[in-house]
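Here the structure is laid out as structure tokens; the discussion comes afterwards.
The residues of the chain are indexed from 1 along the displayed sequence.
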Amino acid sequence: MRKSTLFLASMAAMVMMQTAQAADMSKVLRTAVRYPETGFDPAKVDDLYSQMILENVLDPLVSYDYLAKPAKLIPNTVDALPTISADGKVYTFKIKPGTYFSDDPAFGGKKRELVAEDYVYSFKRFLDPTINSPYSFLLDGRLVGMDEVVKAAGKGPLNYDTPVEGIKAIDKYTLRLTLKNTNHNMMQILAMPVFGAVAREVIEAYKSNTNAHPVGTGPYVLKEWKPGNKIVLEASPSYRKVVFNSQPGKDAVDAEIVKALKGKTLPIVGRIEMSVIEEEQPLWLSFANKQLDYVGVQQAVMSEVLNINPQNPTEATLSDKYAKQGIRLHRLKKMETNYYFFNMDDPQVGGSSKEKIALRRAIAMGFPNLETIATIRRGQAVPANYIVPEGVAGHNPDFRAGVKYDLAAANALLDRFGYKVGADGFRTQPNGQPLVITMGSGTGAIDKQWNEYWQKEFDALKIKLGYQHGKWNELLKASREGKLQMWGSSWFADYPDGENFMQLLYGKNSGDSNGARFKDPEYDRLFEASLKLPDGPERNKLYDEMNKIVVAQQPWIFTDTRITNTVTQPNVKGFKPHALLNAPWRYLDVQ
């Protein structure tokens, strides 16, 4: 049953008023990540590290309450959550007047107010053929009238001035989205940081390098960017006044956060400094020497930092050495699926012939997943056995997509399908051509540990293995261009619904989120059918069928889902890991 819905603003966890805020510019929050960002144009990036910045610079229409569990949508730049038509296709948003973009020369010295047309322009950019957005699949084919505008553009730029019924500014502050079909995840999709508003004049002013000039209505502005090294944000003087007013849940940490932050104006900290430190030991030493305020605990120091329960390694507490210093540990099982993918377009490892499937299956059988969880992950992960991870709608805990480790059976499978061992001791392809597989790899110490496992496996299978080394963002680019045969990848939930994960193997997403470039007509048919269904048994049945196809074709080797361990210095207040907000800097205080 569907009904017209009006969600009331009173349910919001934040109260927004129209006076300017004033963060304490003397307060600096320092953190670090291990992998470099790729840029800050929301229509051009899909990596976590770039989105951490966008989450704090841009403003989507809606966002998530910081403390509510399960995740709860709240209004962000709108007065209330939208009215939704009875058929679930028409969403009407009321933009809150008095929301301003951060100052920028592109505005000619004038204050620039956020209006409905800004979201119209921002959303259209995801479907501009010249941008080739990795997130175009979230809007492609879904908005009334948009397909025709995209078709008219061909391979050229989109005509942004062409009216589109499905993305329409009714007046200065009223935005109306009209979908071709009901989409049960539309609100969660619009909460993603990449769907924050950008101003057309900013994009046009910096069109030669939009990745370097993010300008939004969010709490922070990009002050400094040394690509792959350091990013500095400063509180935006233009940010509207937002007062922390979240309600505590059952978690004891919630009550402490509410006590510390209730009634405070966000953001609290004036300056955010995020460094990229790719090696684990230097990253930890920076934290241990109090040069960083919070970091994720990496594999290299887990044994030192954590007391890991040997009977159940997924349980861990902070070691006494650090607990006595007042350092705090925060744990969260991520909404993620980790996997290695095969490039299905590659002539050696791709394709759907029986011998190619046998090769991929043999490599999957030779991967010691439980061993790498125990050693490299230090037990801080659980095996992944379904495309949709635990905690996300559509997950099936009873499905077993992972392949049982069995080297002998893997070799027997290769023998059976004609991968003969030559005079040099290595196998050839069934057609007699050499068999050499190249895997994408980073250059850090942890990457070398993974490579040692892979080398050991490939040696046992008598297959030559090479590596294509590069920085993470370089390998991501190569992956999208189809220039990697194999690579390990992770997908974190953009929103807590299975669609966000099942789309990873949808044929139309090949070259974007579908790194495996997997194209299976039956999988695609089932995925498109699943889009029409809400979460429930009927959709789950389709998801099971799609997972069976993946098991049969083996474009992926399922690996694990991690449990994150984050530590904060004693002076950090307000921190709580959130499954969907990856950089909750606006809520943090340093004292």
Closest heavy-atom pair, Arg539 versus Asp497, reported as atoms and distance to 0.1 Å, is NH1-OD2, 2.8 Å

List the residues meeting salt bridge (charged side-chain N to carboxylate O under 4.0 Å, His left out) with [X], not counting sequence neighbours, and say none if there are none.
X	value
Asp345	Arg517, Lys519
Lys464	Asp424
Glu457	none

Test side chain to side chain donor-acceptor pair (under 3.5 Å) on Glu355 and Tyr419 and set out the steps.
CA-CA 9 Å; Glu355 64 268 23; Tyr419 293 92; over 6 Å; no

Does the side chain to side chain donor-acceptor pair (under 3.5 Å) test come out yes or no for Asn411 and Arg416, once each step is laid out? CA-CA 9 Å; Asn411 271 301; Arg416 178 185 170 194; over 6 Å; no

Taking side-chain hydrogen bond (donor to acceptor under 3.5 Å, both in side chains) as the definition, give me every residue that meets it alongside [X], ordered by chain and number, with sequence neighbours left out.
X	result
Thr210	Asp41, Lys44
Gln299	Gln449
Asn132	none

Worksheet item: Considering residues, nucleotides and ligands other than Glu538, do more than 12 of their heavy atoms fall under 6.0 Å from its CD?
Response: no

Are there more than 12 heavy atoms of other residues, nucleotides or ligands under 6.0 Å from atom CD of Glu390? no

Here the gap from Met439 atom CE to Gln485 atom CD, rounded to the nearest 0.5 Å, amounts to 9.5 Å

Query raised in the report: Nearest 0.5 Å, what's the CZ-CG distance between Phe40 and Leu54?
Result: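 Here the rounded value is 7.0 Å.
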
Open item on the list: For Phe195 together with Phe126, are the ring centres under 6.0 Å from each other?
Closed with: yes

Given the options Phe367, Trp556, Tyr386, Tyr339 meets ring pair (Phe, Tyr, Trp, His ring centres under 6.0 Å) only with Trp556

**Item:** Heavy-atom donor-acceptor pair, Thr372 side chain to Ile376 backbone, under 3.5 Å
**Value:** no

Practice prompt. State, without any angle test, whether Tyr160 and Asp128 hold a side-chain donor-acceptor pair at a distance under 3.5 Å.
Written response: yes

